[in-house]
S.K.: 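Got a structure here, written out as C-alpha cells. Questions coming.
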Amino acid sequence: MKFIADLHIHSHYSIATSKQLIPEYLDYWARIKGITVVGSGDFTHPGWLKELKEKLEPAEEGLFRLKEQFRPQAHSLPLPAPTGQTRFMLTAEISNIYKKDGRLRKVHNLIFAPDFETAEKIQSALAQIGNIASDGRPILGLDSRDLLEIALNCSERIFFVPAHIWTPWFSALGAKSGFDSIEACYGDLSDHIYAVETGLSSDPPMNRMCGFLDKYTLISNSDAHSPEKLGREANLFECGLSYSDITETLKGRDGGRFLGTVEFFPQEGKYHYDGHRKCKVCWDPLQTLQNDGRCPVCGKMVTVGVMHRVARLADRDHTEMPDGQPPFYSLIPLKELLSELYRSGPASKKVSEAYLQLIKKTGSEFNVLLHWPLDELSRVANELLVEGLRRMRSGQVRLSEGYDGEFGRIRVFDEKELRSISSQTKLFAPAVKETETAYNGMRHIRFDIAEYRRLFERKRPKQLDLVEVLNEKKEAQRKTHPLLAPLNREQRAAVEYESGPARITAGPGTGKTRVLTTKIAWLIKVKKQEPCHILAVTFTNRAAREMRERLQIMLDSPEQSQALTVTTFHALGFRLLQERIEETRVIIDETEKQRILLRELDCPVEEVKEQAARITRFKQTLTGPEKSGHALYQSYQRFLDAQRLYDMDDLISRPVFMLRESPDFLEQIRERYRRILVDEFQDINEAQYQLLRLLAPPPRPDLFVIGDPNQAIYGFRGASAQFIPRFAEDYPQAAAFTLHQSYRCSQSVLRASHNVVASGPMLKGLQEGVKITIAPQSSDKSEAEFIARRIEQMLGGVRFFSIDSEVSDGQSSEELQSLGDFAVLVRTSRQMRLIEKAFADHSIPWQSAGDELLFHKEPLRSLLDILRFTDQPDHPYLRKKWTSLVGQEPSAMVGELGALPLKERITRIAALFFAREFDGKTDRLEALLQFAGDFSGDVKEFLQAVTLGSSIDAYQPDSDRVALLTLHAAKGLEFKCVFIAGCEDGLLPYALSGTSPADTEEERRLLYVGMTRAQKYLILTHSRRRFLMGRSLRMRRSPFLDAIEKELIDLYKSTYTKSPSKDTGQLNLFG
DNA sequence: TAGGATCGGACCGTT
DNA sequence: TCCGATCCTA
Ligand SMILES: Nc1ncnc2c1ncn2[C@@H]1O[C@H](COP(=O)(O)OP(=O)(O)OP(=O)(O)O)[C@@H](O)[C@H]1O
C-alpha cells in the first residue's frame, strides 16, 4: 500500500517541546495531516517508553496503535480518518557530543527499533553512559560510531540514520562540528548506514551535488516539537505496512518502493545563503567566493550558510538527479499558504477555519497539498487557493533565500497580484490541468555549482578561513585609521586633552579602556611622544597584556610598542626595587607569609590570619615597622630582610619608601615616566596612590586616570574609590571627563544594573535589548545543570529553523554564535566545581578563572621553589626550602639542574623529586610546561610571571569556550550572554565569613560589575538549597534583585516539573 | 622518616 | 567539601 511516514519527532519529555506531544494527540494530528506511520520519538526516555507501553498496543509487525480506551470517543474536532488508524513506530534521537580528531563534534542520530524489547535494551545500555532521563533527546558523550555499535549490539534489526545532516551545529556533515563525509563520522560501521535525513535545511537537489551521498536513501522528517508541525517533511512509501517492510524499503531491497519525500523549502531557512543582515547583503556561495567572503558594506566576513557548506563538500558540477532516484515534493504548509492568501497570520481564526473546512472536505492536509484534483477543489475552495496550490505543486514559487538570521520567503503570489486579487474576485482562468511531471524535482538552486568548484580550487588556500568566525584583531586593524575615527565626541575630547592631569569617571562599557589605549597611540603617533616615556598601569596582567596587544596593532612599529611600559602596579614596584637594589630577592605569597609568622616567628596559630592582615594594613597605609610599634611586624620585616624576601605588599610600599629616601633616583624615574595613565583607578589603595603621587607630583603632571566608583570591588585589600575625589583635591587643575554612551550593554541591562546600585548617571544603551531572566532553582546542582542546558539551548537557537517558537521563548538568540559569547560568573570559586561538572557532563568546553592559580598550589608550588633555588643557589630562604623538600643539603646537583634550559629543568625536577605526585597524573605538570613554553627559556621572567600571576591572566577571549569566572575576575570583560549564579542572600551579598565584616555596598557593586558584563542576555540564577562548608543550607533570593524593576524581569519557571520522574526513584536509577 | 589515615576547622574576593 | 595539620605505623 501507499502511505506517508514521519519518523523523527519528539515527545513532551524533550526540552522545549509542546505538552501536547502525547500519543493521543499524535494519533489525532497524524490523521489530520494524512500520515499513516509516525515515529514515537524519544524511546530512550524511561518515562516516555512507559507511557508508550501503557497507551499503545501491537498492530502490524513492529508497529503499534493507540489502545481503544485512549481513543477519544466523541470528538469535538473533525476526525477525518477512522480513529486508531495511525501507526506508531519506535524511534529516538540522540545528541552525541564528543571529541574526534581533535575537534568538538556534535552529531544527532536517529535510531529506529523493531520492538519494545530492543528499545529497552538500548535504553539500559545508554543509561550506563549518561543521563537519559532528563531529556527526551539525551545528550551523550559518546562517539556516533560507538552509538551505532551499541544499537547494533542490542539488535541487528535496528535502523540507524544520521539526522538532519547539514545542520551546522548538530550533524554529521555540519559546518561547525560535523565531518566531511559519512565515513569519517561512522568509521568501520559506515556500511550499516543506509539512509540519511536531509532535514529542513536541505532538499534532495542540494544533496545531489554530493555524489558521495548517492548510495543513501534521502529521507525527510518533521523533527516536530509540537503536534501541529507533524509532517512538515515526510516520506512516501509503497510497501507493506510493517517495520520490516519500511526498513527494508529504505535499504533499497526488493518488495517495496520508496516513492520519495515531502520537503520544506530549505531556502526559507534563516541561514541558507551567506551574507550580512544589517548590511542587506545576501549572497549565494559563488558570490561569497568571488568576494573572498568579505562584505562590501562593512568589510567584515559574511555569515556563511548551509548552502555554502554543501557546495564546499560537493563533488559534482550539477544538481541533476541521478537516474532511479525517487522524486520529491516541495510543499508549503497549508496554513502558511492560507495565511498568504488571506493576508493574516497562520494562527488566525480566518486561516484556522478555512483549514478545517479543507480537511473536512478532503480528509487530510496532505490530500490538499499533494493529491486532490484541483478542478474538484475549485468547486469547494476559493479559486485563489486553487491557483496557489497549482503553482506550488508545479514549483512556480517566488522565493528569496534566507541569510544571516533573516528568514527566507516563499510565496506563490507576488504583492501586486494579491492586491489586485483582493479587489476583484475572479481573476484567474479556471485552474490549469497539472501533469504528473509537475511534481518532479523542482530545483531552486540558483547558482552555478560548477563555477563555484572551479573558483574554489583556484582560491583554495585563501578560502580556508572563510567559515571561521570574524577575527576581532583584523577588525581593529582596519578601523584604527584614522586613529580617532572609532571614537565618539566625548571620547575624542578625553584623548585630545594633551597635557596636565585629567580623569575620566564613567560607567561600564563607555569605552574608558578604549580611550586610554587610543590616547597612548595618539600620543605616540600624532603627538610624536617617545614611547619609552609613557607608563600605563593596570591591575591585572591580563589587562596589561590586552592593552599591549591592542597597542601593537595600533602602533606602526614593534619597536614602539616594545619601548612602552604597560604593566601592573606590582610588577612596576618590583621593577623599581630590582633596578635600585643589588641583591636579588624572592617574592612570597600570602601562604608563605603566614607560614613564616607561624613557624619562624612563633605567632600562635589562631592569631596568624589576623596578624598577617594587620601587617598588610600597615604596609598598605605606608606605616613602617618602627612607626607601627608592632613587634611582630618588626620581627617579620627583619626576617624578610635577612632572608632576602618581599611579600606582595612590599612591592608597593618599599618602592615608595625607597623613592622618598633617594631624591636622585626619584628624579630619574620621573624623568623616565613623564606620562602616566592608570586604568581601574577606583580600585587603588593608599600605597598605590602615594606611589603615583610620587611619580607624578602635583600640581601639573601628565597623569591620566580612569575609573568608575560604582565598580569599586577591592575594598578588602585596602582599595577605595575615595581616591577619585582625593585625586581631584590633590590635583586641582585636573580636567574631569565623563562618557555617557555605553557601547556594551543594552538598555535593559543598564536599567536593571542601575536599579541595583542606584547611583551614578544612567547611561545610554545601544539597543533596547531583551528582558533579564531570573531563574530560581531548587539546588545548586540543578542550577549548574540549568546553566549548561540553557547555554546549549541558546546556541541551539542558531540551529536553522528554530521555527518552533516555543524553543526560544520568543527571544531569538541567533547572534550567539560561539561558546565564547557566554560567561558564567560566580561569587566564590567554590561554586565553580558544580558548574564545571555540568559543563563536563554536557561536553561544553569552558575555561575557568578566578580560582587560585594552579602554580600556587601543591605540588607545583614546591616544584617552583626548587626551580627558584636552582636559579638563585645562594638564596638563604630557598636553601631552606630545598633542604626540607629534598631531604638533604644542596649538592652539586643544584648547579647541574641550574645549567639546564627551563623546560628540561622543570621536567628533571619533577622526575627527581615529585615522581609520585605526578605519577599517572601529569596534567598539572604539563600545564606548567606549556606555560613555560611562552617564555623562550627566560627563567627569571617565567618565575616572575608565575609569582605575580593570577588565573585570569590565562584567559583567552577568542577560544570558543564558555568563560567561568569569579565576579572579580570578570572585571573589564564583556560577553553577549552572562549568567550570574548564586544570587542568594548570604552568598551575594556574601555574609558567611566569621572574620571580616560584610560590606553590603561593595557586594552590591560586585553584582553591578557582573551584570554590566552582559551585552544582551543576562540570566540571574539562585537556588533554594546550597551546599556550603559541608552543609546543605537554605537560601533566600538575594535582596539585591528586589530592586530591579518588575517589567525588566522575565521570571523563569521550570519546565522540568512536568516530568513526574523527578521525585520518584527514577533519578536515583539513572542519576 | 616517609607516607597514609584521621581529624578538625574554614568558611570570599587578589596582586 | 576540601585542605592542611597531626597522629600513627612500618
Ligand atoms: N566609540 C565607540 N564605538 C563603538 N564601540 C565602542 C566605542 N567605544 C568603546 N566601544 C566598545 O565598547 C565596549 C566597552 O569598551 P571598554 O571596555 O573600553 O569600556 P570600559 O568603559 O572600559 O568598560 P568597563 O568599565 O566595564 O571596564 C568595547 O567592546 C569597545 O570596543
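Convention: sequence-line order gives letters A, B, ...; per-chain numbering from 1.
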S.K.: Please step through side chain to side chain donor-acceptor pair (under 3.5 Å) for the pair A:Gln637 and A:Lys619, ending with a clear verdict.
M.R.: CA-CA 11 Å; A:Gln637 208 57 21; A:Lys619 293 188 178 182; 3.0 Å; yes
S.K.: Run through A:Ser1032, A:Ser779, A:Ser782 and flag the one making a side chain to side chain donor-acceptor pair (under 3.5 Å) with A:Arg1025.
M.R.: A:Ser1032
S.K.: Do any side-chain nitrogens or oxygens of A:Thr540 fall under 4.0 Å of OP1 or OP2 in B:dT15?
M.R.: no
S.K.: Nearest to the side chain of A:Ser829 - C:dA5, B:dT14, B:dG13?
M.R.: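 Minimum distance to the A:Ser829 side chain belongs to B:dG13.
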S.K.: Can you figure out which of B:dG13, B:dT14, C:dT1 approaches the side chain of A:Phe1027 most closely?
M.R.: C:dT1
S.K.: Whole angstroms only, please: what is the CD-P distance between A:Glu680 and B:dT14?
M.R.: 14 Å
S.K.: Under 4.0 angstrom, heavy atoms only, what part of the nucleic acid is A:Phe569 near: base, sugar-phosphate, or nothing?
M.R.: nothing
S.K.: Roughly, in whole Å, what's the span from CZ in A:Arg827 to P in B:dT14?
M.R.: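 Distance check: A:Arg827 CZ to B:dT14 P gives 9 Å.
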S.K.: Which whole-number value in Å describes the distance from A:Asn685 CG to B:dT15 P?
M.R.: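 These atoms are roughly 13 Å apart.
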S.K.: Do A:Phe913 and A:Trp882 have ring centroids that are under 6.0 Å from one another?
M.R.: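 Ring-ring flag for A:Trp882/A:Phe913: true, centres closer than 6.0 Å.
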S.K.: How close or far is atom C1' of B:dG9 from atom NZ of A:Lys609, stated in whole angstroms?
M.R.: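 A:Lys609 atom NZ is separated from B:dG9 atom C1' by 10 Å.
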S.K.: Provide, to the nearest angstrom, the distance between the CD1 atom belonging to A:Ile652 and the C1' atom belonging to B:dT15.
M.R.: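 These atoms are roughly 8 Å apart.
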S.K.: From CG of A:Leu992 over to C1' of B:dG13, roughly how many Å is that when rounded to an integer?
M.R.: 13 Å
S.K.: For A:Arg654, is there an ion pair with A:Asp649 - N to carboxylate O distance below 4.0 angstrom?
M.R.: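 Between A:Arg654 and A:Asp649 there is no salt bridge, as every charged N stays at least 4.0 Å from the carboxylate O atoms.
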S.K.: Which of the following nucleotides, C:dT1, B:dT14, B:dT15, is nearest to the side chain of A:Met648?
M.R.: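 Ranking C:dT1, B:dT14, B:dT15 by closest atom to the A:Met648 side chain puts B:dT15 first.
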S.K.: Would you check if A:Phe716 stacks with the base of B:dG13, given a 5.5 Å centroid limit and a 30° plane limit, both strict?
M.R.: yes
S.K.: Name the closest nucleotide to the A:Arg833 side chain, picking from B:dT14, C:dA5, C:dC3.
M.R.: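 Of B:dT14, C:dA5, C:dC3, C:dC3 is nearest to the side chain of A:Arg833.
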S.K.: A:Arg1031 near the nucleic acid: base, sugar-phosphate alone, or nothing, with a heavy-atom cut-off under 4.0 Å?
M.R.: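 Answer is nothing: A:Arg1031 stays at 4.0 Å or more from every strand.
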S.K.: Taking the side chain of A:Arg717 as its heavy atoms from C-beta onward, which of C:dA5, C:dC2, B:dT14 lies nearest to it?
M.R.: B:dT14
S.K.: Taking atom C1' of C:dC2 as reference, at what distance in whole Å does atom CE of A:Met832 sit?
M.R.: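 Taking CE of A:Met832 and C1' of C:dC2, I get 16 Å after rounding.
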S.K.: For A:Glu785, is there an ion pair with A:Lys781 - N to carboxylate O distance below 4.0 angstrom?
M.R.: no
S.K.: Just checking A:Thr947: base, sugar-phosphate only, or nothing, at a heavy-atom cut-off of under 4.0 Å?
M.R.: nothing
S.K.: Measure from CG on A:Asp683 to P on B:dG13 and round the result to the nearest Å.
M.R.: 16 Å
S.K.: Go through C:dT1, B:dT15, B:dT14 for me and flag the one nearest to the A:Arg830 side chain.
M.R.: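 Nearest nucleotide to the side chain: C:dT1.
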